[in-house]
Structure formats: C-alpha cells, structure tokens
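To start, the structure itself, in structure tokens.
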Amino acid sequence: MTGVIEVSREKFEELVADALDTIPPKLTRVMDNVVVVVVDDPPEPNLLGLYTGIPLTERGDWYAGVLPDRIEIYRNPICSICETEDEVVQEVRITVVHEIAHHFGIDDDKLHALGW
C-alpha cells in the first residue's frame, strides 16, 4: 500500500448516503426503526462498521417503544485501508450492505459464505 486517502467527513457521509441509495426499494421499505450514522473511529480496532439492535427476524409482538437500531460506519478505518476514492466508495458500499444484512438477521458466517 502506497498511502492512505483522506476523505472529509462531509464527503464520507455523502458516500454512505449514496451507498444507501443503492439498496433496492423492496428492501428499504421493510427496514424498520434503524438509523445509519458515520462515526470517525470504532469502539474497537479493525471494525469498519457495526450493527447494534434487534434484527427484524428476532422482533415479535413485544417489540414496541424500542430505541432505533444503530448502524455505524467508521470513516477512519475505511480510509486507512484505501488508496483511492474509488476504493473508499467500494468499501463504504460493502460495509453498508454488510451492516444492513445484520438488520435483516443475517449473521457474519452467512455473509462470508455469500461473499460479503
């Protein structure tokens, strides 16, 4: 790797919004009570994103009055593994899709088996 790319927070937020726009409407219509945010640094090393919440597959009749699920996309770690803005765009999209999959109840083992 020859260097690390710097992407401003504003530009990075735009990239996350663009990645969210690529999610098919059929899926976004069923996403429920979830917020996606950009955070500079993760709570632990080597994380590019993190889903915290109750996946749709685990919600039942009891699910009400619950704070929104949270998807965090970590700007600094993503930028640190990329050399170009195109690589950042690709990594942001992969990370957004990966974390949204968790919202739908898909675990890491299944995601890795599917190539994500």
Inter-residue atom distance Glu44.CD - Asn46.CG, 0.5 Å rounding: 8.5 Å

Lys26 to Val30 - nearest heavy-atom pair and separation: O-CG2, 3.9 Å

Side-chain donor-acceptor pair present, His102, Asp69, cut-off under 3.5 Å: no

Side-chain donor-acceptor pair present, Asn76, Asp41, cut-off under 3.5 Å: yes

Heavy-atom pair of closest approach, residues Arg59 and Ile54: NE-O, 2.8 Å

Set of salt bridge (charged side-chain N to carboxylate O under 4.0 Å, His left out) partners for Lys110, sequence neighbours left out: none

Same apolar cluster: Ile71 and Val35, side chain cutoff 4.5 Å: no

Heavy-atom check, side chain of Thr95 versus side chain of Tyr74, under 4.5 Å: no

Glu72 side chain near Glu99 side chain, heavy-atom distance below 4.5 Å: no

CD1-CG distance between Ile106 and Leu111, expressed to the nearest 0.5 angstrom: 6.0 Å

Validation row: Ile73, Val36 side chains within 4.5 angstrom (heavy atoms): yes

Val97 side chain near Arg93 side chain, heavy-atom distance below 4.5 Å: yes

Val37 and Arg70, any side-chain heavy atoms less than 4.5 Å apart: yes

Quiz: residues 12-21 side-chain donor-acceptor pairs under 3.5 angstrom, not counting sequence neighbours:
from  : atom 1 : to   : atom 2 : distance (Å)
Glu13 : OE2    : Arg9 : NE     : 3.2

Shortest non-hydrogen contact from Thr57 toward Gly105: OG1-CA, 3.5 Å

Rounded distance (nearest 0.5 Å) linking atom CG of Leu48 with atom OG of Ser80: 7.5 Å

Within one Ile-Leu-Val-Met-Phe-Trp-Tyr cluster: Val39 and Tyr51, side-chain cutoff 4.5 Å: no

Check: Arg75 side chain, Val7 main-chain N or O, donor-acceptor pair, under 3.5 Å: yes

Close side-chain approach of Thr84 and Val88, heavy atoms under 4.5 Å: no

Shared hydrophobic cluster for Leu27 and Leu56 (ILVMFWY, side-chain gaps under 4.5 Å): yes

Residue pair Leu50 / Pro43, side-chain heavy-atom distance below 4.5 Å: yes

Minimum-distance pair of heavy atoms, taken over all atoms of Asp40 and Pro77: O-CD, 3.5 Å

Straight-line distance of Glu87 CD to Ile5 CD1, nearest 0.5 Å: 8.0 Å

Distance, nearest 0.5 Å, that separates CZ of Phe104 from CE of Met31: 6.0 Å

Verdict with supporting geometry, Val96 and Thr22, side chain to side chain contact (heavy atoms under 4.5 Å, CB included): CA-CA 10 Å; Val96 166; Thr22 69; over 6 Å; no

